[in-house]
A.B. asks: 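Structure incoming, see below.
Convention: sequence-line order gives letters A, B, ...; per-chain numbering from 1.
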There are 2 protein chains.
Amino acid sequence: MTREPRLSWKEVRDQIKTSILDRTYSPGDKLPRDADIADQFGCARSTVQRAMRDLSDAGLVERKRKGGTRVRVDPVTRATVDIPITRREVEKRGSVYGYHLIDRGFFKTPPEIAGKLELPQATEILRVRALHLADHKPHIYEDRWICPDTVPGILEVDLSRESANEWLVMNKPYTRCDLRFYAISATEDTAATLDIKTGSALLVIERTTWIGTAPITLVKAYTAPGYELLTSN
Amino acid sequence: MTREPRLSWKEVRDQIKTSILDRTYSPGDKLPRDADIADQFGCARSTVQRAMRDLSDAGLVERKRKGGTRVRVDPVTRATVDIPITRREVEKRGSVYGYHLIDRGFFKTPPEIAGKLELPQATEILRVRALHLADHKPHIYEDRWICPDTVPGILEVDLSRESANEWLVMNKPYTRCDLRFYAISATEDTAATLDIKTGSALLVIERTTWIGTAPITLVKAYTAPGYELLTSN
DNA sequence: CAGTGGTCTAGACCACGCA
DNA sequence: GCGTGGTCTAGACCACTGT
């Protein structure tokens, strides 16, 4: 009697994955119940569960109570991106980090900003513009809107010394975060700030954060030309 | 004797999260062992495990065998992005999808492409350029390099009718995928293809895929102005 | 070596959602 | 209702890694 080595959830996952990739189960098909798969592999149901959750997270299958497990019909490429604190990102590359506050002031929230923050009504908002430097050259220009109602502490921070980004991350963690990436041509002002030509293509990272439903901040980070965003894996 | 409702792993996770956010445990601090936390909450260790894995996935803590669990010192914003098949993306928006093959030919692999595909030596490679349309207007221009050694089947596909993207996704799933986002100014050619002004800022989605270590394809997707990439959540 | 997280099990009950 | 995935438990053993 040979003794099979016990199956790990990764092996189970990979075998199921393979049988999806080789069309044993095609997009839209229903897979057997977890319990049956467990019997087939001779492992516990929870091991199958672990494998299935991984496949589900990866977007390969869809699972529903009572409905069972199905191979997703619309495959997606799913990837995770890490947006580090700018200072750490620069330092990790071995460059010298610099920070420079451009200006800071209160405004009546513009409709576009209020909309993105999901503010029910326009209020006074704190706008902070700042420049992050790498090796003394402009790296990221950030245009930030902060809701002082949600984050009163920010009013006492000396933003000429400490970046709002850093203070917020360390002191006011969010519970929800929306990210958005797009490209724009640098306006004259933005170009001057980043010390580049007007019209240069810039990758913009736009981030909105909330605590519960209370908006914290919306920041548009205009990255210098050449900036790339990579997936982690 | 009151009976406490049983704790779910999400409740455990949220309580731990809270105690990190309120600085009960500061960045760099070591948290108690899972077993102790389980005792404290009166739940099983595996419940704590489940909670901790979630926090670890989210980038809030770092876990090491023997080393224990520590609050991460460099907080990151971590998000997942889904890159759907273009046709599905367009159709989901309620637009009419169109596809148009521009050209197709064999080339000696340029060094830049070979490098990104991690090809040990330059070989013949298939280059396919195509245009995706939304409501009969240019939506995404893709410039794709395919390794025929890895994917011989692609040679028999009529790429004027079916997008290489779609065929590959449905027929040759990858095991590894690198993504990269950046902005460029449209060259004259690219601008002409997308029917926009030369120099317009474009978001480029660059994707490289492999099966094991065998490279499949590298595609640069030049999105029309206004395109945005959103996080899923 | 020994401590800690990672995995696996067998079983129980829960909760969602289709019929 | 009832079938299916989701969660929880108590316990065991494994595997990595710091000391």
A.B. asks: Please state how far atom CZ in A:Arg65 lies from atom C1' in C:dC16, giving the value in whole angstrom units.
C.D. replies: 5 Å

A.B. asks: What's the CZ-C1' distance between B:Arg53 and C:dT4, to the nearest Å?
C.D. replies: 17 Å

A.B. asks: Assign each of A:Thr47 and A:Gly67 to its nearest nucleotide of DNA chain C by heavy atoms, then name whichever residue's nucleotide is nearer the 5' end.
C.D. replies: A:Thr47

A.B. asks: Any side-chain N or O of A:Arg63 less than 4.0 Å from the OP1 or OP2 oxygen of D:dG6?
C.D. replies: yes

A.B. asks: Taking all non-hydrogen atoms of both residues, which atom of A:Ala183 and which atom of B:Leu203 are closest, and how far apart?
C.D. replies: CB-N, 3.5 Å

A.B. asks: Could you please name the option among D:dT4, D:dG18, C:dG5 that lies closest to any side-chain atom of B:Gln49?
C.D. replies: C:dG5

A.B. asks: So does B:Lys116 have more than 12 non-hydrogen atoms from other groups sitting under 6.0 Å from NZ?
C.D. replies: yes

A.B. asks: How close or far is atom C1' of D:dT4 from atom CD1 of A:Ile37, stated in whole angstroms?
C.D. replies: 12 Å

A.B. asks: Hey, what's the ring geometry for A:Tyr97 with A:His132, parallel, tilted or perpendicular (30° and 60° as the breaks)?
C.D. replies: tilted

A.B. asks: Over all strands shown, is A:Thr69 touching base, sugar-phosphate only, or nothing at heavy-atom distances under 4.0 angstrom?
C.D. replies: sugar-phosphate

A.B. asks: Once you round to the nearest 0.5 Å, how far does CG of A:Asp54 lie from NZ of A:Lys17?
C.D. replies: 8.5 Å

A.B. asks: Starting at atom CZ of A:Arg50, determine the distance to atom C1' of D:dG6, rounded to an integer number of angstrom.
C.D. replies: 14 Å

A.B. asks: When you measure from the side chain of B:Trp210 to the backbone of B:Leu117, do you find a donor-acceptor pair of N or O atoms at a distance under 3.5 Å?
C.D. replies: yes

A.B. asks: Name the closest nucleotide to the A:Ser46 side chain, picking from D:dT9, C:dC18, C:dT9.
C.D. replies: C:dT9

A.B. asks: Which whole-number value in Å describes the distance from A:Met52 CE to D:dT4 P?
C.D. replies: 13 Å

A.B. asks: Can you measure B:Asp34 atom CG to D:dT9 atom C1' for me and round it to whole angstrom units?
C.D. replies: 15 Å

A.B. asks: Separation of B:Lys30 atom NZ from C:dG3 atom P, in whole Å?
C.D. replies: 12 Å

A.B. asks: Just call it for B:Arg45: base, sugar-phosphate, or nothing, with non-hydrogen atoms closer than 4.0 Å on any strand.
C.D. replies: base

A.B. asks: Looking at D:dG6, C:dT7, C:dA10, which one has an atom nearest to any side-chain atom of A:Ala44?
C.D. replies: C:dA10

A.B. asks: Can you tell me how far C1' of D:dT17 sits from CD of B:Glu62, to the nearest Å?
C.D. replies: 15 Å

